[in-house]
Amino acid sequence: QVQLVESGGGLVQDGGSLRLSCVASGRTLSSLNMGWFRQAPGKEREFVASISRSSGNIRYTDSVKGRFTISRDNAKNTVYLQLNSLKPEDTAVYYCAANPVVVPTNPLNGMHYWGKGTLVTVSS
């Protein structure tokens with residue numbers, strides 16, 4: 001069983017930055033493909049970014065390309081999401097996901113492990 005705990009969310013002004021962290025336990029991070037998703041109020045959960053076990057495969061949704069950066073530190077069992085140039089439309093609960101088989105890009109995949117999320121609020 002994999003447990004994921006996100007942190008780093010908060011209130012930031014338009015144009016600001018945050019760094020989200022996701023600490024994994026129960027399994028070594030190097031065995032897990034990781035992803036970040038977000039869910040805004042009244043909307044479906046959507047894919048944000050993903051990183052494969054080896055960091056050789058990194059993907060972003062178009063709306064965050066050039067602004068967000070996903071990275072991982074296997075020695076610390078931690079995955080990061082650096083959020084720069086934040087916009088009010090980035091406001092959402094951000095969730096970390098893990099999957100030992102596939103890279104998490106589909107929010108409806110029932111085999112992902114999920115954290116409980118961290119709230120990011122961007123004020124205009």
Side-chain angles (χ1 to χ4, degrees):
Q1 190 73 7
V2 176
Q3 293 81 41
L4 303 171
V5 179
E6 303 95 334
S7 63
L11 174 64
V12 64
Q13 290 187 332
D14 192 353
S17 298
L18 285 173
R19 188 175 80 157
L20 306 184
S21 299
C22 171
V23 178
S25 60
R27 189 161 176 166
T28 57
L29 189 67
S30 58
S31 68
L32 296 168
N33 300 293
M34 302 297 294
W36 285 95
F37 295 77
R38 66 186 180 187
Q39 188 165 16
K43 295 188 176 181
E44 300 288 325
R45 189 171 299 188
E46 65 172 356
F47 167 75
V48 175
S50 63
I51 186 167
S52 61
R53 288 187 296 262
S54 66
S55 300
N57 181 355
I58 293 176
R59 296 178 60 181
Y60 299 95
T61 193
D62 286 345
S63 62
V64 309
K65 285 181 181 177
R67 300 189 298 122
F68 293 6
T69 303
I70 189 171
S71 61
R72 63 192 296 155
D73 186 338
N74 289 341
K76 294 183 178 180
N77 262 23
T78 303
V79 175
Y80 303 98
L81 186 67
Q82 178 68 40
L83 289 64
N84 295 330
S85 302
L86 281 161
K87 305 174 181 180
E89 51 263 44
D90 294 318
T91 294
V93 177
Y94 283 71
Y95 296 92
C96 178
N99 193 310
V101 178
V102 299
V103 177
T105 58
N106 181 355
L108 301 179
N109 187 320
M111 300 304 292
H112 296 338
Y113 296 99
W114 293 96
K116 293 184 177 180
T118 185
L119 176 62
V120 172
T121 304
V122 185
S123 63
S124 57

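What you see is a predicted model, and the numbers here were worked out from it, not measured in a lab. Only heavy atoms go into these numbers, but all of them, side chains included; no hydrogens, no water, no symmetry mates.
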Are [X] and [Y] packed together at the side-chain level, in the sense that at least one heavy-atom pair is separated by less than 4.5 angstrom?
X: P88; Y: V122; result: yes
X: S31; Y: P100; result: no
X: L20; Y: V120; result: yes

Is it the case that atom CZ in R59 sees more than 12 heavy atoms from other parts of the structure closer than 6.0 Å?
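Count not over threshold, so no.
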
Give a yes or no on whether Q13 atom CD has more than 12 heavy-atom contacts from other residues, nucleotides or ligands under 6.0 Å away.
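Check fails, neighbour count at 12 or below.
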
Which atoms form the tightest heavy-atom contact between [X] and [Y], and what is the distance?
X: P104; Y: F47; value: O-CE1, 3.5 Å
X: W36; Y: C22; value: CZ2-CB, 3.7 Å
X: S52; Y: G56; value: OG-N, 3.2 Å
X: S123; Y: L11; value: CB-CD1, 4.3 Å
X: M34; Y: A98; value: SD-CB, 3.5 Å

Option from I70, L32, N57 for which side chain to side chain contact (heavy atoms under 4.5 Å, CB included) with I51 holds
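For I51, the side chain to side chain contact (heavy atoms under 4.5 Å, CB included) test succeeds with only one of I70, L32, N57, which is I70.
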
Considering only NZ, NE, NH1 and NH2 on the basic side and carboxylate oxygens on the acidic side, decide whether K87 and D90 come within less than 4.0 Å.
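Not counted as a salt bridge, because no side-chain N and carboxylate O are separated by less than 4.0 Å.
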
Does E6 pair with K116 as a salt bridge, N-O distance under 4.0 Å?
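Salt bridge between E6 and K116, a charged N being under 4.0 Å from a carboxylate O: no.
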
Evaluate the criterion side chain to side chain contact (heavy atoms under 4.5 Å, CB included) for residue pair S17 and N84; output intermediate values, then yes/no.
CA-CA 4 Å; S17 298; N84 295 330; 3.0 Å; yes

What's the spacing between [X] [atom1] and [Y] [atom2] if we round to 0.5 Å?
X: N33; Y: S50; atom1: CG; atom2: OG; answer: 8.5 Å
X: T105; Y: F37; atom1: OG1; atom2: CZ; answer: 6.5 Å
X: R38; Y: T61; atom1: CZ; atom2: OG1; answer: 7.0 Å

Check whether Y94 and I58 end up in the same hydrophobic cluster, where Ile, Leu, Val, Met, Phe, Trp and Tyr are linked by side-chain heavy atoms less than 4.5 Å apart.
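Yes.
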
Is there a path of hydrophobic side-chain contacts, each under 4.5 Å between heavy atoms, that joins V12 and V48?
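Yes; V48 is reachable from V12 via cluster members.
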
Between W114 and C96, is the side chain to side chain contact (heavy atoms under 4.5 Å, CB included) condition met? List the steps.
CA-CA 6 Å; W114 293 96; C96 178; over 6 Å; no

Report, one line per pair, each donor and acceptor closer than 3.5 Å where one atom sits in a side chain of residues 74-81; sequence neighbours left out.
unit_1: N74; atom_1: OD1; unit_2: R72; atom_2: NE; d: 2.9
unit_1: N74; atom_1: OD1; unit_2: R72; atom_2: NH2; d: 3.3
unit_1: N77; atom_1: OD1; unit_2: L29; atom_2: N; d: 3.3
unit_1: N77; atom_1: ND2; unit_2: A24; atom_2: O; d: 3.0
unit_1: T78; atom_1: OG1; unit_2: K76; atom_2: O; d: 2.7

Could you tell me which residues satisfy salt bridge (charged side-chain N to carboxylate O under 4.0 Å, His left out) with R27, sequence neighbours excluded, listed by chain and number?
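Applying salt bridge (charged side-chain N to carboxylate O under 4.0 Å, His left out) to R27 gives none.
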
H112/Y95 under side chain to side chain contact (heavy atoms under 4.5 Å, CB included): CA gap, chis, key distance, verdict
CA-CA 11 Å; H112 296 338; Y95 296 92; over 6 Å; no

Can L86 and F68 be said to form a side chain to side chain contact (heavy atoms under 4.5 Å, CB included), step by step?
CA-CA 9 Å; L86 281 161; F68 293 6; 3.9 Å; yes

